[in-house]
There are 2 protein chains.
Amino acid sequence: MSHAGICTSYRPRELAITSQHVTPKPMDAEEPWMRGLHADTGYLLYRLGLRSGQLFNTFLQESGLRLRHYAVLRYLAGAEGALQRELSTRLGYDPSAIVGLVDDLERLGMTERRPSPDDRRSKIVVLTEDGRAFLRGTDEAGRRVTNDLLAPLDTAERETLQALLLRVVDRP
Amino acid sequence: MSHAGICTSYRPRELAITSQHVTPKPMDAEEPWMRGLHADTGYLLYRLGLRSGQLFNTFLQESGLRLRHYAVLRYLAGAEGALQRELSTRLGYDPSAIVGLVDDLERLGMTERRPSPDDRRSKIVVLTEDGRAFLRGTDEAGRRVTNDLLAPLDTAERETLQALLLRVVDRP
DNA sequence: GAGCAATAATTGGTGACGTCAATAGTTGTT
DNA sequence: AACAACTATTGACGTCACCAATTATTGCTC
């Protein structure tokens, strides 16, 4: 049950052995696997998203945090306090996920939950001084991650990419 | 006869990539959450990768497959047979994941495992006629997914984005 | 002003996913 | 003949996205 829920484990039955096999393919610019998959921008985004997440997480590994915690911290750094509901919608994480993330950050002393004066259901998450210090200490290393990821691009191309991605992600 | 093997180097054709294709978004967004997170291209990629994967999976939901199965099928469509090891390195999935994916596809009758005549350790995964038919039937719908994702961009901008992402993803 | 729908935070469960460790069978090398 | 490297495979572990249900609180409405 490691992978698929849509099927049980399948044991390959006896297959007819044919001497026919794959035909060697010249590796020109029209590589078939290129046409098949990497021609799709959506799939490219999915793929690079995975790689980006991995890079971030390995970078954060020593600090004991993960990308999602880091996202919360950086959002709070620019917001000076945010409702958990706000974190959920802004960062795109499930409300239940926010609970665990803020729990972790609180345990590490990087954030605090304060009661909202307007609505006693809500809680306001704010950065502590320790949280701010952590962000200052990792700011430069964080940039290095993106720098590494976008190594093949020069400065102008990176700005172009950034602008394009912003347009795509900011769609309401 | 030697199999095509694994291509280790691919050089994307040169494209004129300038920022003229994109209208830079006026950072009028004094929005603090802009400064905090979306200023980071790496995080943008991570986020859009998630959204892209979700879109693909919901699109594939009715067919009983998921994005990873679809990736295998599309790769096979352009390769005319591939070793599982090849699928693993090309698609970036763990070899153990490939096993489950091919199991599922085989159970659905979309692929077959054939013994490699060159190496009895390897197995060659090939598309069946059913698999090909599935790809033909979903080809247009698949394009609609990427179309939807990139809705805010015009044609020129999409080509620019595609070229930039290709450069980033093809790094060894 | 008393019910009632909506909301914020929370808990729990489920399936999908990435990663690593280990194994059996096979190949190439020495 | 022995040994290292490789292929497919199984298994386990932790993370993550998604959904349902609960509790406390708010706003609406009749």
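A note on names: the letters A, B, ... follow the listed sequences, proteins ahead of strands, and every chain is numbered from 1.
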Exercise. Select one nucleotide: of C/dC17, D/dC18, C/dA9, the one nearest the side-chain heavy atoms of B/R66.
Key: C/dC17
Quiz prompt | Distance, nearest 0.5 Å, that separates OG1 of B/T111 from NE2 of B/H69 | solution = 9.5 Å
Quiz prompt | Along DNA chain D (nearest heavy atom to each residue), the more 5'-positioned of B/R47 and B/Q84 | solution = B/Q84
Exercise. Map A/N57 and A/R120 onto DNA chain D by nearest heavy atom, then report which one ends up closer to the 5' terminus.
Key: A/N57
Separation of [X] atom [atom1] from [N] atom [atom2], in whole Å?
X: B/L67; N: C/dG18; atom1: CG; atom2: C1'; result: 14 Å
X: A/D119; N: C/dT7; atom1: CG; atom2: C1'; result: 8 Å
X: A/F56; N: C/dG18; atom1: CZ; atom2: P; result: 19 Å
X: A/Q61; N: D/dG14; atom1: CD; atom2: P; result: 15 Å
X: A/K123; N: C/dA9; atom1: NZ; atom2: P; result: 8 Å
X: A/D118; N: D/dT25; atom1: CG; atom2: P; result: 16 Å
X: A/D94; N: C/dG13; atom1: CG; atom2: C1'; result: 13 Å
X: A/L55; N: C/dT19; atom1: CG; atom2: P; result: 11 Å

Quiz item: Does B/V125 offer a backbone N or O that forms a donor-acceptor pair with the side chain of B/R113 under 3.5 Å?
Solution: no
Quiz item: Given D/dT9, is OP1 or OP2 found less than 4.0 Å from the side-chain N or O atoms of B/R121?
Solution: no
Quiz item: Taking only side-chain nitrogens and oxygens of B/R113, does any of them come within less than 4.0 Å of OP1 or OP2 of D/dT9?
Solution: yes
Exercise. Give A/S96 one of three labels, base, sugar-phosphate or nothing, depending on what nucleic acid heavy atoms sit under 4.0 Å from its own.
Key: base
Quiz prompt | Whichever of A/L50 and A/P95 has its nearest DNA chain C nucleotide further upstream toward 5' | solution = A/P95
Self-check item: Pairwise 5' ranking along DNA chain C for B/Y93 and A/L83, keeping only the more 5' one
Solution: A/L83
Practice problem: Give a yes/no verdict on a cation-pi contact between A/R144 and A/F59, requiring under 6.0 Å between NZ or CZ and the six-membered ring centre and an angle within 45° of the axis. | Solution: no
Quiz item: With a cut-off of under 6.0 Å to the ring centre and 45° to the axis, is A/R143 in cation-pi contact with B/Y43?
Solution: no
Quiz prompt | Salt-bridge present (A/R132, A/E80; N to O < 4.0 Å) | solution = yes
